[in-house]
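Just below is one structure, and these are the notes that go with it.
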Amino acid sequence: MSINIQLHKNDLPDDLNLGNIIAIDGEFMGLNVRRDPLCLIQISTGNSDAHIVQFDRENYNSPNLIKILNNEKITKIFHYGRADMAHIKYYLKTDTNNILDTKIASKLARSYSDNHSLKTLIKEFINIDISKQFQSSDFGGELSPSQLKYCANDVIYLHRIHDQLIKILIRENRIELYKNCLKFLKTRVELDLAFFKDDIWSH
Ligand code: MN
């Protein structure tokens, strides 16, 4: 399968229509929000395409992207949106609205497994073995073709995986639980940004 990868500097182009359900992922210099800047945002429409926005990390001037993130009418599918949304909020200064999340869906649907990595889900539902070799790589500078392909892999399968997980959630009567977890996601991100890192429900 050939993937149409487009690299954009700082923002999406003005006239780009990505539809009303997009898959999205971000790459950072690390997992500590304040220390580790947001480097990239990748978006796919689910049709073997990936739009990769590489930020000028001096000012994060990305009005077209921010409009999409903020838009309540455009659904965004993440895999573990908690980390991406925190970085987005901190660096792009916007809430991300209308979220789905394949990792949360997987934890609720696939209680037969304790592995909810994207690699595992791609293997189980798409039957492709993807390399995670570039997961820990330097996304701050010039990107190699291998890095671009890795970034694209993180978004191009999310629509199909989410569809499959939803089927299980409906069959197992866990769909309401999933929807209610999604409602809390924005608050979980706010807690992270306010340094409440632990599970606030634990004793
Ligand atoms: Mn990624």
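Keep in mind it's a predicted model, so treat the numbers as computed, not measured.
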Are the side chain of [X] and the backbone of [Y] linked by a donor-acceptor contact shorter than 3.5 Å?
{"X": "Arg174", "Y": "Leu108", "answer": "yes"}
{"X": "Asp84", "Y": "Gly26", "answer": "yes"}
{"X": "Asp199", "Y": "Trp201", "answer": "yes"}
{"X": "Lys76", "Y": "Ala23", "answer": "no"}

Give a yes or no on whether [X] and [Y] share a hydrophobic cluster (residues Ile, Leu, Val, Met, Phe, Trp, Tyr; joining criterion: side-chain heavy atoms under 4.5 Å apart).
{"X": "Leu7", "Y": "Ile24", "answer": "yes"}
{"X": "Ile161", "Y": "Ile170", "answer": "yes"}
{"X": "Met29", "Y": "Leu148", "answer": "no"}
{"X": "Ile200", "Y": "Met85", "answer": "no"}
{"X": "Tyr80", "Y": "Leu121", "answer": "no"}

With no hydrogens and no angle check, do the side chains of [X] and [Y] hold a donor and an acceptor under 3.5 Å apart?
{"X": "Gln164", "Y": "Glu124", "answer": "no"}
{"X": "Asp25", "Y": "Gln42", "answer": "yes"}
{"X": "Asn127", "Y": "Lys123", "answer": "yes"}
{"X": "Asp14", "Y": "Asn64", "answer": "yes"}

List the residues meeting side chain to side chain donor-acceptor pair (under 3.5 Å) with [X], not counting sequence neighbours, and say none if there are none.
{"X": "Asp95", "value": "Lys89"}
{"X": "Asp129", "value": "none"}
{"X": "Gln147", "value": "Ser137"}
{"X": "Asn115", "value": "Ser117, Thr120"}

Going by ring pair (Phe, Tyr, Trp, His ring centres under 6.0 Å), name the residues that satisfy it together with [X], two or more places apart in sequence or in a different chain.
{"X": "Phe78", "value": "none"}
{"X": "Tyr90", "value": "none"}
{"X": "His79", "value": "none"}

Taking salt bridge (charged side-chain N to carboxylate O under 4.0 Å, His left out) as the definition, give me every residue that meets it alongside Lys107, ordered by chain and number, with sequence neighbours left out.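 None.
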Residues two or more places apart in sequence or in another chain: which of them pass salt bridge (charged side-chain N to carboxylate O under 4.0 Å, His left out) with Asp101?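 Here no residue qualifies.
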Residue pairs involving residues 26-69 (criterion ring pair (Phe, Tyr, Trp, His ring centres under 6.0 Å); sequence neighbours excluded):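 Those involving residues 26-69 are His8-His51, Phe28-His87, Phe55-Tyr60, Tyr60-Tyr91.
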If you look only at pairs with a residue in residues 141-183, which of them pass as a ring pair (Phe, Tyr, Trp, His ring centres under 6.0 Å), with sequence neighbours excluded?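 Non-adjacent pairs meeting ring pair (Phe, Tyr, Trp, His ring centres under 6.0 Å): His162-Tyr178.
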When you check the gap from the basic side-chain N to the acidic O, do Lys132 and Asp154 get nearer than 4.0 Å?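 Salt bridge present between Lys132 and Asp154.
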Ion pair Lys167/Asp163, N-O distance below 4.0 Å: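 No, Lys167 and Asp163 are not salt-bridged.
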Output every pair passing salt bridge (charged side-chain N to carboxylate O under 4.0 Å, His left out) with a member in residues 35-61, not counting sequence neighbours, ordered by first then second residue.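 Of all non-adjacent pairs touching residues 35-61, none passes salt bridge (charged side-chain N to carboxylate O under 4.0 Å, His left out).
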